[in-house]
Engineer: 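Before we start, here is the structure in question, set down as structure tokens.
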Amino acid sequence: MKEIITLQFGESANYVGTHYWNMQQQQFAEESSGDSNTHLAMDVFYSEDDQGVGKRGKRYTPRVLVFDKVGNFGSLGQSRHAQTEDDSKDIESEIEAAQWDGATEVHRQIPYASGAVLGTGAINELSESQVRYWSDFNEVEFNTVQSLSSVSGVEFGNSLGEMNTFQEGGEVFNGENGRDEILEGKFRVLAEACDQMQGFQVLADAHGGFAGFGAGFVEKVREEYPKSSILLYNVASGRVSDMGGAQTIDAAIGLATNLENVSAAVNMYVPSALKRLYPGVQIEESSRYQTSAFMATNVSQWSQCILAGRRSLDEMISQVTQQQYFKVAESLLSPGLQISDSKYDFGSVAGLLEQRFVASSGAVVSDLSSLAGQLVVDRGTEFSRLVRERYAATAYADLGQAVALPRSFPRRIFQGARDSVGVAGMLCTTAGTTAYVQRLHESVQVERSRHVKDYEREWIREVRGVLDSVIDRYATIS
């Protein structure tokens, strides 16, 4: 068994993570019911653990550490408190039982449930207007004591309790109780429970406090596990170009700094911005609930390839990045793609990528010669039929089964989707990524910004130098 630990940093990342774990659970339910032809290695992303002191049986829970502000956990925050108290009472009951020969009787209060507004009815019962926290649409049982961690500047001896900027998040991580002890406790328990760890799947806010906190955490993980693969998905809650003033420069700094960290700490980096959609995908960009569902479909597409045993994390990264020479990858996704007509062949692939695939960072792929490395994963469409005409078997994985959608998933974003949707995807490194990096470069114009402090200017100029090198490297793809 080769385990992967998932790390989630910040509210936007946890919206994506919640949809993602719901989708994983739905896939496992399909398999256990016999409705799926694909065998999934559940132990890769899940832990089998005891349900607590004095309790019988075992359960599978996501092998994940979730970091967020304490107020963003919603019902899971209350559930975590209830479980901590419950476990303490279990220990007390066992001690009392050892001292008392008479009969005992235990009465428990029903814990506050997660998925607070989900209900138990039809698939469209969830009202998006009721979603206040990502836990409101959670369908998965977490080990709430082990997996959930609240973070604030106040808790870490930092007066910047709001932790709104990338810099503040970095300062919190490097605070008194941060850097030296951050990998102890919950993280250490997860890591040491792995028999043979593949690496880490990271979902992190693209900007703001948790972007800085997550960047520091990943850097520390790299120091501790120098040979383990790290795959980073950056989750943007909005476009840098739509922001203003100090928020613009902070967002650009956060995104650019993550690119800088890629060279040392991360094996593959997948940015997200939902820059360009096609008619079959209808997303209200102001709805975090909807945008995060699409981003989760992206993450699920590639982790499913690992769960099905078609690629290891190392193999996937090496194939897409060309042995980690090009580390910034583009995720192209086409939910509901229908190409059963015989008129489609390999010559149609480039046109389909340009017109029918959503690019996570907005890159335009109109020519296959602009690709350095690629992995095609087909889940219930005919796209793999087209690429197998020219691509070697190592370049694609046809998983056959369509994506099973959980009850909480906003089906309205995929035209005509009900219980499942076919999804074609390509994870690639492409010359088109230079446009994304150039946009960041233009946003980090310290000479023009009055919002940048003097001591930050030299650091930002260094970041721009890193962006220049990334642009030059990707310009060599032809």
Side-chain angles (χ1 to χ4, degrees), residues 3-22 24-25 45-53 55 59-88 90 111-118 131-156 161 163 169 172-173 177-178 181-194 200-205 208-210 213-214 216-218 220-221 235 288 292 296 299 408:
E3 303 90 347
I4 294 174
I5 292 176
T6 300
L7 304 172
Q8 297 174 196
F9 299 98
E11 186 177 17
S12 295
N14 289 328
Y15 263 78
V16 174
T18 301
H19 280 301
Y20 167 75
W21 292 113
N22 289 346
Q24 296 308 303
Q25 178 163 289
F45 288 100
Y46 282 74
S47 300
E48 185 182 23
D49 60 18
D50 294 316
Q51 293 191 15
V53 178
K55 297 178 182 178
R59 62 177 176 179
Y60 279 98
T61 56
R63 187 181 289 105
V64 62
L65 279 181
V66 178
F67 296 87
D68 210 335
K69 294 180 181 178
V70 64
N72 290 339
F73 283 99
S75 58
L76 279 176
Q78 298 186 43
S79 173
R80 176 179 55 162
H81 178 69
Q83 183 175 340
T84 303
E85 289 188 342
D86 192 44
D87 289 344
S88 299
D90 280 337
Y112 188 91
S114 61
V117 301
L118 193 57
V131 176
R132 296 178 301 158
Y133 312 105
W134 46 265
S135 63
D136 285 341
F137 58 92
N138 171 59
E139 301 183 48
V140 176
E141 182 179 13
F142 288 97
N143 183 332
T144 51
V145 174
Q146 176 60 44
S147 289
L148 309 186
S149 295
S150 59
V151 178
S152 77
V154 173
E155 290 181 19
F156 284 81
M163 210 170 76
V172 168
F173 177 81
N177 299 318
E181 301 177 5
I182 197 69
L183 297 192
E184 300 305 321
K186 296 177 180 181
F187 178 87
R188 187 70 63 195
V189 170
L190 272 183
E192 293 184 353
C194 297
F200 302 88
Q201 171 180 262
V202 182
L203 282 68
D205 282 8
F210 276 97
F213 185 90
F217 196 104
V218 169
K220 189 68 175 176
V221 169
V235 180
R288 181 179 288 175
S292 61
V299 180
S408 60

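Since the structure is predicted, the reported quantities are computational estimates derived from the model, not experimental observations.
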Engineer: Please check if any side-chain donor atom of Trp21 sits under 3.5 Å from a side-chain acceptor atom of Gln8, or the reverse.
Structural biologist: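 Looking only at side-chain atoms, Gln8 and Trp21 do form a donor-acceptor pair, the distance falling under 3.5 Å.
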Engineer: Which value, rounded to the nearest 0.5 Å, describes the distance between Phe9 atom CZ and Phe213 atom CZ?
Structural biologist: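 Here the interatomic distance stands at 6.5 Å.
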Engineer: Name all residues meeting the side chain to side chain donor-acceptor pair (under 3.5 Å) criterion together with Thr6; count only those two or more places apart in sequence or in a different chain, and write none if there are none.
Structural biologist: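 Side chain to side chain donor-acceptor pair (under 3.5 Å) check on Thr6 returns Gln201.
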Engineer: Measuring from atom OH of Tyr15 to atom CG of Asn72, what distance do you get when rounded to the nearest 0.5 angstrom?
Structural biologist: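 It is 8.0 Å, given to the nearest 0.5 Å.
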Engineer: Can you tell me how far CZ of Arg288 sits from CG of Asn14, rounded to the nearest 0.5 angstrom?
Structural biologist: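 Taking CG in Asn14 and CZ in Arg288, the distance rounds to 10.0 Å.
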Engineer: Quick one, Thr61 and Ser147 - any side-chain contact, counting heavy atoms below 4.5 Å?
Structural biologist: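 Heavy-atom side-chain distance check fails, nothing below 4.5 Å.
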Engineer: Can you name the closest pair of heavy atoms from Ser135 and Gly74 and give their distance?
Structural biologist: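 So the minimum-distance heavy-atom pair works out to OG-CA, 3.5 Å.
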Engineer: What heavy-atom pair brings Ala296 and Tyr20 nearest, and what distance separates the two atoms?
Structural biologist: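 Smallest interatomic distance, heavy atoms only, reads CB-N, 3.6 Å.
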Engineer: At what distance, to the nearest 0.5 angstrom, does CD of Glu48 lie from CZ of Arg63?
Structural biologist: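 So the CD of Glu48 and the CZ of Arg63 are separated by 10.5 Å.
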Engineer: Roughly how far apart are Glu139 CD and His19 NE2, rounded to 0.5 Å?
Structural biologist: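 Taking CD in Glu139 and NE2 in His19, the distance rounds to 10.0 Å.
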Engineer: Would Phe45 and Ile4 count as a side chain to side chain contact (heavy atoms under 4.5 Å, CB included) if you check the C-alpha gap in whole Å, the side-chain angles of each, and the deciding distance to 0.1 Å?
Structural biologist: CA-CA 6 Å; Phe45 288 100; Ile4 294 174; 3.6 Å; yes
Engineer: Please examine the side chains of Trp134 and Val66, heavy atoms only from C-beta on, and report whether any two atoms are closer than 4.5 Å.
Structural biologist: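 Touching, per the 4.5 Å side-chain cut-off.
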Engineer: Taking all heavy atoms of Tyr46 and all of Gln24, pick out the closest pair and write down the distance.
Structural biologist: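 Closest heavy-atom pair between Tyr46 and Gln24: OH-CB, 3.7 Å.
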Engineer: Treating Gln146 as the side-chain partner and Lys186 as the backbone partner, does any N or O pair qualify as donor plus acceptor under 3.5 Å?
Structural biologist: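 Yes, Gln146 side chain to Lys186 backbone: donor-acceptor pair under 3.5 Å.
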Engineer: Tyr133 and Gly71: which non-hydrogen atoms are nearest, and at how many Å?
Structural biologist: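 Scanning both residues completely, I find the closest heavy atoms to be CE2-O, 3.1 Å.
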Engineer: May I ask you to test the Val221-Phe187 pair for a side-chain heavy-atom distance under 4.5 Å?
Structural biologist: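 Yes. Closest side-chain heavy atoms under 4.5 Å.
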Engineer: Report the residues that fulfil side chain to side chain donor-acceptor pair (under 3.5 Å) with Gln25, sequence neighbours left out, ordered by chain and then residue number.
Structural biologist: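 Residues passing side chain to side chain donor-acceptor pair (under 3.5 Å) with Gln25: none at all.
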Engineer: Locate the shortest heavy-atom distance separating Val140 from Asn138; write the atom from each residue and the value.
Structural biologist: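 The pair with the smallest heavy-atom distance is O-ND2, 2.8 Å.
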Engineer: Output all residues satisfying side chain to side chain donor-acceptor pair (under 3.5 Å) with Asn22, sequence neighbours left out; order by chain, then residue number.
Structural biologist: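 Testing Asn22 for side chain to side chain donor-acceptor pair (under 3.5 Å), a comparison that skips the adjacent residues, returns Ser408.
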Engineer: Hey, does the side chain of Asp205 reach the backbone of Ser12 with a donor-acceptor pair shorter than 3.5 angstrom?
Structural biologist: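 Checked: pair present.
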Engineer: Please evaluate residues Ser47 and Leu190 with respect to the criterion side chain to side chain contact (heavy atoms under 4.5 Å, CB included), reporting the C-alpha separation (whole Å), side-chain torsions for both, the decisive distance (0.1 Å), and the verdict.
Structural biologist: CA-CA 9 Å; Ser47 300; Leu190 272 183; 4.2 Å; yes
Engineer: Take Val218 and Phe200 through the test side chain to side chain contact (heavy atoms under 4.5 Å, CB included) and record every step on the way to the result.
Structural biologist: CA-CA 9 Å; Val218 169; Phe200 302 88; over 6 Å; no
Engineer: Quick one: pull up OG in Ser150 and CG in Asp68 and give me the separation to the nearest 0.5 Å.
Structural biologist: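 Reported to 0.5 Å precision, the distance equals 9.0 Å.
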